[in-house]
Amino acid sequence: MLACVPLPDGRYAVQGTTDDGAPNGPPRRIGAGELVAAADERWLWASTVDDYPALIATGLRVPRCHDIAAVERILLGRAGAFGDPVTPAAVLARAAGEPVPSPPVRPVGDAPSLFDLTGPADDGVDPLEVLRLAYQDQRRRANGGGALSLLLAAENASALAAAEMGAVGLPWRRKVHLAVLDEMLGARPALGGRPPRLAQLAGEIDAAFGFPVNPDSAVDLREAFRRVGFDIETTRSWVLKGIDHPAVGPVLAYKELARLHSANGWAWLDQWVRHDRFRAEYLSGSVVSGRWATRGGGALQIPRLLRQAVVAEDGYRLVVADAAQLEPRVLAAISGDAGLQAVSASGESKADLYAGLAADGFGGNRASAKVAMLGAMYGQTTGEGGRLVGTLRTRYPAAMGYVDGAARAGERGEVVHSVLGRACPPPGTYWEAVRIGRQQDATAAERKRADRLAGDRGRFTRNFVVQASAADWAAVWLAGLRTSLADVAGAELVFFQHDELIVHAPAPAAGEVAGLIERAADAARRLVFPGSAVLTPVRPVIVDRYADAK
DNA sequence: TCAAATGGCGCC
DNA sequence: AAAGGGCGCCATTTGA
């Protein structure tokens, strides 16, 4: 293992380190250009998201790492201490029972410095020593067995993949995107102006109402519909669709196009796409469930319409793969529900679990089966989904009992865990209101508030056990694939979105990559759900454009 | 006048 | 078919 600390002067302090965290060579101070990543070496550093991008920029690729901050977040979560500082200095202070120093505030965009690592009062302390001690302490605390080790390994690998994906970027043809904008919105307006198509629709909306309305204002729009006799609470599209008034058509069209303009319009293109690559910042450790988030550009919300702009470069293909119906399959595995596992592995269900469910209790109605399963995992109680959950409850009692149990635990204020041991956050300060509302002498209003808050948390924990376990599986999938891709020249992970990924690969290697993706998925299934009969199939598709993958 | 909250909607 | 989980982002509104 190689311990590595960026220094304020732009160089790096590095030192060979054993797996026990003992020094295994002399400390050296070297420039980034002198760093070499041996193919099988593991790097130890404070934070991948802070320390790795500068190395990637020099062309370095680190095969494996131990990320103090990423590991600390998971360990702290299991100890019920979400949000506490995760620097090595904080880790050490915690281990010693001393007050944990707040991480120093640094200006946005400022380079990470030694101070981030050791805190301002640590003059003379060897940062490599701090790193090693923090590592040793985490090693002691992370003795929760194979599942936790697997989770930490996947989290570390995810952090590397996230940094690399951010640096590489998603192939994005500016010309294609511009053509879409021109067709949908018309010519690019002056700064702050409305595109022609939006201006035209705004005019149609005014005409339909008979008085001026600002369709960008939900307040104004709701007031307008009330004036013409429709007493609506919100102006959400699905509410408007139920209204019979000539303004509805242009309003819905306006909303759709305004969204395109503001979220992925010309300004977005200028800001986020350079040299036909969309570069976002991926944050692998910032969602409590273990899913990734992004900062800037909305990389995890690319509209289907714009996936035609994601085009492989000449001589390359995109290998697009998603895990079909991952969450219900994960539920089948973690609940041990034999019936649901059987459905996941039977005949056509291998490719389409919902079709199998439909055949098994919904009269062949796939849409109903899907609504019911989503309702069960999200805690839906009303409407069609809520009604259909009952069918699932009789067909798959173990699976439904599992999510119901997670919901009840959440309502009691308890913490639930993913299959690999990621903990959900404990209830926040609002739980005091729940406690008050549950006392004998609580008022009706207090009881009602308590019920609502407890219900909210129950739906959160119900979904957490499924969503976080799916994230566990996906992280192991991604980690395995990343490792195997290292042997395919020119192949790069360029996108990852919860249960779906894209590899940009030289055309002759695309078929091999597709095989690696499938093998990584099968390996993840065996590692995350050992002994389970459940299947977690992925469907790699080799295409030129992302839009052609589905 | 500014920052935080809200409404709405895109993705899973 | 309904509005139940997780996010990020924008424009507007609200409140200090």
Any salt bridge linking A:Asp548 with A:Arg545? Criterion: basic side-chain nitrogen under 4.0 Å from a carboxylate oxygen. yes
Taking A:Asp182 first and then A:Lys175, would you say they form a salt bridge - that is, a charged N and a carboxylate O separated by under 4.0 Å? no
Ion pair check, A:Arg519 and A:Asp522, cut-off under 4.0 Å: no
Rounded to the nearest Å, what distance is computed from the CZ atom of residue A:Arg236 to the C1' atom of nucleotide C:dT12? 15 Å
How many whole angstroms separate atom NZ of A:Lys255 from atom P of C:dT12? 13 Å
Can you say whether a donor on the side chain of A:Arg291 sits under 3.5 Å from an acceptor on the base of C:dC7, or the other way round? no
Tell me the interatomic distance from A:Leu374, atom CG, to C:dG6, atom C1', rounded to whole angstroms. 13 Å
Report yes if a side-chain nitrogen or oxygen of A:Ser289 is closer than 4.0 Å to either non-bridging phosphate oxygen (OP1 or OP2) of C:dC7; otherwise report no. no
Does A:Ser286 have a side-chain nitrogen or oxygen under 4.0 Å from the phosphate oxygens OP1 or OP2 of C:dC7? no
Tell me the interatomic distance from A:Glu256, atom CD, to C:dA11, atom C1', rounded to whole angstroms. 18 Å
Just checking A:Arg457: base, sugar-phosphate only, or nothing, at a heavy-atom cut-off of under 4.0 Å? nothing
Among the nucleotides B:dG8, B:dG10, C:dC7, whichever has the atom closest to the side chain of A:Val288 is C:dC7
Residue pair A:Asp67 / A:Ala159: nearest heavy atoms and the distance that separates them: OD2-CB, 3.9 Å
Rounded to whole angstroms, how far apart are CG on A:Leu240 and P on C:dA2? 17 Å
Whole-Å distance, A:Asn463 CG to C:dG5 C1', equals 3 Å
Distance test, side-chain N/O of A:Arg459 to OP1/OP2 of C:dG5, below 4.0 Å: yes
Return the value, rounded to whole Å, for the distance between atom CG of A:Asp220 and atom P of C:dT14. 11 Å
Nucleotide C:dC7, atom P - distance to CZ of A:Phe464 in whole Å: 10 Å
Geometric cation-pi criterion, A:Arg462 with A:Tyr378: 6.0 Å, 45°: no
Hey, is the side chain of A:Arg304 poking within less than 4.0 Å of OP1 or OP2 on B:dC12, counting only N and O atoms? yes
OP1, OP2 of B:dG8 versus side-chain N and O of A:Thr235: anything below 4.0 Å? yes
